[in-house]
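Reading through the structure tokens given below for one structure.
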Amino acid sequence: MTEPTPSSSPAPSAPAARTSILVVNGPNLNLLGTREPEKYGTATLGDIERLCAGAADAHGLECDFVQSNHEGALVDAIHGARDSAIGIVINAAAYTHTSVALRDAISAVSLPAVEVHITNVHAREPFRHHSYLSDVCRAVIAGAGTLGYRFAIEYLAELTRERAL
Ligand code: DQA
């Protein structure tokens, strides 16, 4: 029997635990607060970011935020999360109903994603009833107002906790 030869190189260190959630907001959501407040309420995007950061912090997590009115910038942000995030919260806004590129980006990074809509899109115009994202997301939250973002973060935190057990 030969003894295993001790290696002179140090044991590879475990990869650092991921702690961030990417929160993606699509076109026109930069105008929240003044945009159609009867539908979207009066909370601003800044308010939503603070709400998300607080919800994540309660679980020892943090959020990276991106809002863009440009589809490619959102695709790039999703790619950027591939090796660092535990998951994605995405309100793709109007791109929800049009974007194969965002759908493919979510599939490509293999991270759990939660689709969020402030309004209940199913109670609105028929063109808002179809989402290119829903079936590549783990969960869909629509119509809970800005609280939907908090629910999405809670869900991703719980998913991560279960995976670590
Ligand atoms: C929205 C719903 C979309 O249909 C719309 O285009 C938006 C916002 C929502 O949060 O309710 O811009 O995603």
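We count ligands from 1, going down the list as the structure has it; atoms in each ligand are counted the same way. Below, each value reflects all heavy atoms present in this structure, side chains not excepted, and no hydrogens, waters or symmetry copies.
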Quick one about [Y] and [X] (side-chain donor to acceptor, distance below 3.5 Å, no hydrogens or angles considered), yes or no?
X    : Y    : result
D104 : S107 : no
S20  : E62  : no
N69  : E71  : no
N25  : Y149 : yes
R18  : S84  : no

Tell me, which protein residue and heavy-atom name are nearest [atom], and how many Å apart are they?
atom                    : answer
atom 5 (C) of ligand 1  : R128 NH1, 3.3 Å
atom 11 (O) of ligand 1 : T119 OG1, 2.6 Å
atom 9 (C) of ligand 1  : I118 N, 3.4 Å
atom 4 (O) of ligand 1  : H97 NE2, 2.7 Å

Proximity to ligand 1 by part of [X], non-hydrogen separation under 4.0 Å:
X    : result
K39  : neither
H129 : neither
N91  : side chain
V121 : side chain

TODO: Within a distance under 4.0 Å of any heavy atom of A94, pick out the atoms of ligand 1 and give their elements.
DONE: 6 (O), 12 (O)
- [ ] Only heavy atoms count here, so choose which of E115, R35, H117 is nearest to atom 12 (O) of ligand 1.
- [x] R35
Task: Ring geometry between H117 and H97 (parallel below 30°, tilted from 30 to 60°, perpendicular above 60°) - done: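 Plane angle under 30°, so parallel.
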TODO: Check ring pair (Phe, Tyr, Trp, His ring centres under 6.0 Å) between Y40 and all other residues, then give those that pass, not counting sequence neighbours.
DONE: none
I'd like to check whether [X] has a polar contact with ligand 1, where a contact means an N/O of the residue lying under 3.5 Å from an N/O of the ligand.
X   : answer
T96 : no
P27 : no
L29 : no

Open item on the list: Quick check for you: to the nearest 0.5 Å, what is the distance between I48 atom CD1 and Q67 atom CD?
Closed with: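 Interatomic distance, I48 CD1 to Q67 CD, rounded to 0.5 Å: 10.5 Å.
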Task: Which residues share a side chain to side chain contact (heavy atoms under 4.5 Å, CB included) with A144, sequence neighbours left out - done: I141, F151
